[in-house]
Amino acid sequence: MREVTATTAQPTTTGAIAFCDIVGFTELTADHGDELALALVERHETLTRALLPGGARIVKQLGDGLLLFFRDADGAVDALIQLHDDTRSVSVDGVPLWVRTGLHWGSPRVRGDDLIGHDVNLASRVVALAAPGELLVTDAYVAACPSARKRLVELGPVFVKGVSDPIGVWRVAG
Amino acid sequence: MTIIARSAKVTVRAASVSEVSAKGGSLTRGPSGLVVGGGAAAITVVVPDHTDIVVGAVSGKVVCEGLLGAVTVTASSSNISIEMAERIDARSASGRIDVGTCQGECNALSKSGAIRIGRVGSADVSAVSGKVTVGDAEHANVRCVSGSVSVATTSENPDIKVRTVSGGVEVVVPRDASPRTNLRAKIRSVDCECESGDKGFVDVESLSGRIRVVCAR
């Protein structure tokens, strides 16, 4: 076996990393087909793109979810709250567009247009604990954006898949 | 107080005691209060009645007995059982959630585990494929993709909102209830036994689940 060593350090970028996904996407696709799934994904992306503040971008589409990056911590939470407000009453052919979001602050590696690293993984794990319409944030995000604390409710230390130590998670009150 | 556990069974018992005691885990004082940390061994924590607790767990089982204050439990796959509390936020990605009585607001979330809630002031429940049962709530807001939903109320002025995609919905109201209703199923049937009036609101929409509103016998 040929051994490969990690030698070249990729540049990092610091900011808010969000995973925003569609709840029940697997079940929706199985029950209602790929056309509907595609329509939900497109609607979700269109609504999200319209709300992104300057310095924010959609990093990539991941099946039922979007990986987002924001330079500004305050701007991230404001945009995501607005997104949840906007999607609350949206449906496609009678199927509600239920989205949920996990938001973390960190310094992922930059690889082309992509972001990679532990901080990206954390954001993707936190979203699994969110209810439809809910925005969860990590301790790291709260530290980067102390002004958000007044609208947060603590869920406490939680374990996420693949990470040995618990992380602090907060819910943004509606 | 905060309890952090990995794979063990966690039992929190509220009792008429003045101090917290813990068996099977370490008890330390952190910046935000007492912290019980555990590994693979079962943990039993006894706390004064009405104590607020936060539990973070991976798998195993979380059991809360007696009357607690605000209870927050977040778990990866643990089954969660809470007998009685003032407020509840219980989340498990795949475990079952069982709540007896909650005096105030009860939030419950499980992707695939069943959620069963007894008597609550207000229930906010989210599920994907698990079955949802609410025994008695004056206010209930339930969202579920494919699991079935059953919500009962003894309130004469209920506020019940349910949204499903394919899960069937049954709402049980008191015999003489006459709530305002919005009942919409795009594909399956809608049956409503009660008279439509203006005492409360029963608001149910489903794409392909059957909707039934029945009066208690």
Side-chain angles (χ1 to χ4, degrees), chain A residues 21-33 36-37 40 64 84 87-100 102 124-134 136 138-139 142 152-171 173-174, chain B residues 1-7 30 32-33 35 37 52-59 70-78 87 89-94 105 107-112 124-129 141-147 163-167 184-187 205-209:
Chain A
D21 74 7
I22 299 171
V23 178
F25 190 75
T26 306
E27 288 78 3
L28 292 171
T29 306
D31 289 353
H32 301 283
L36 177 96
L40 283 170
D64 62 346
H84 287 190
T87 54
R88 192 156 290 142
S89 57
V90 171
S91 63
V92 176
D93 289 341
V95 174
L97 177 59
W98 287 333
V99 298
R100 58 185 183 168
S124 75
R125 297 304 187 199
V126 168
V127 71
L129 299 167
E134 202 169 53
L136 299 184
T138 64
D139 269 349
V142 179
L152 300 179
V153 177
E154 190 173 11
L155 292 182
V158 306
F159 290 94
V160 295
K161 193 176 171 186
V163 180
S164 56
D165 291 325
I167 58 168
V169 173
W170 305 66
R171 172 171 67 87
Chain B
M1 73 170 304
T2 303
I3 300 164
I4 302 167
R6 293 181 193 279
S7 55
S32 56
V35 179
D52 296 346
I53 63 161
V54 175
V55 182
V58 180
S59 56
V71 174
T72 303
V73 182
T74 308
S76 303
S77 60
S78 307
R87 287 197 315 278
D89 187 303
R91 296 160 192 254
S92 181
S94 58
E105 193 176 320
N107 294 327
L109 163 73
S110 180
K111 187 181 175 206
S112 55
D124 194 311
V125 181
S126 301
V128 174
S129 57
N141 181 20
V142 181
R143 286 146 300 180
C144 186
V145 176
S146 58
R163 296 287 183 272
T164 74
V165 177
S166 57
R184 289 188 202 176
K186 198 168 176 183
I187 297 170
E205 294 185 10
S206 178
L207 178 65
S208 57

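Heavy-atom basis, side chains included; hydrogens, waters and symmetry copies ignored. Numbers restart at 1 for each chain; the letters A, B, ... are given by sequence-line order, proteins then strands.
Taking S110(B), S77(B), A127(B), C144(B) one by one and counting their heavy-atom pairs under 4.5 Å with chain A, the maximum is reached by C144(B). Of the listed residues V95(A), L28(A), L155(A), D93(A), the one with more heavy-atom pairs under 4.5 angstrom with chain B than any other is L155(A). Put simply, of G156(A), P96(A), P132(A), the one with the most heavy-atom pairs under 4.5 Å next to chain B is P132(A). Counting heavy-atom pairs closer than 4.5 Å to chain A, the top residue among R143(B), K186(B), E205(B) is R143(B).
Both the backbone and the side chain of P157(A) come within contact range of chain B, with heavy atoms under 4.5 Å apart. Using a 4.5 Å cut-off between heavy atoms, S92(B) does not touch chain A at all. At a 4.5 Å heavy-atom cutoff, the contact between N107(B) and chain A is made by side-chain atoms alone. With a 4.5 angstrom heavy-atom cutoff, V145(B) touches chain A via backbone and side-chain atoms both.
The structure places CD1 of I167(A) at 11.0 Å from CZ of R125(A), a figure rounded to the nearest 0.5 Å. From N141(B), atom CG reaches atom OG of S126(B) across 7.5 Å, with rounding to the nearest 0.5 Å. The NE2 atom of H32(A) sits 5.0 Å away from the OG atom of S166(B) when rounded to the nearest 0.5 Å.
If you check the side chains of R91(B) and T74(B), you find no donor sitting under 3.5 Å from an acceptor.
The two atoms that bring A5(B) and F159(A) nearest to each other are O-CE1, 3.0 Å, heavy atoms only.
By the 4.5 Å heavy-atom criterion applied to side chains, E27(A) and V128(B) are counted as neighbours.
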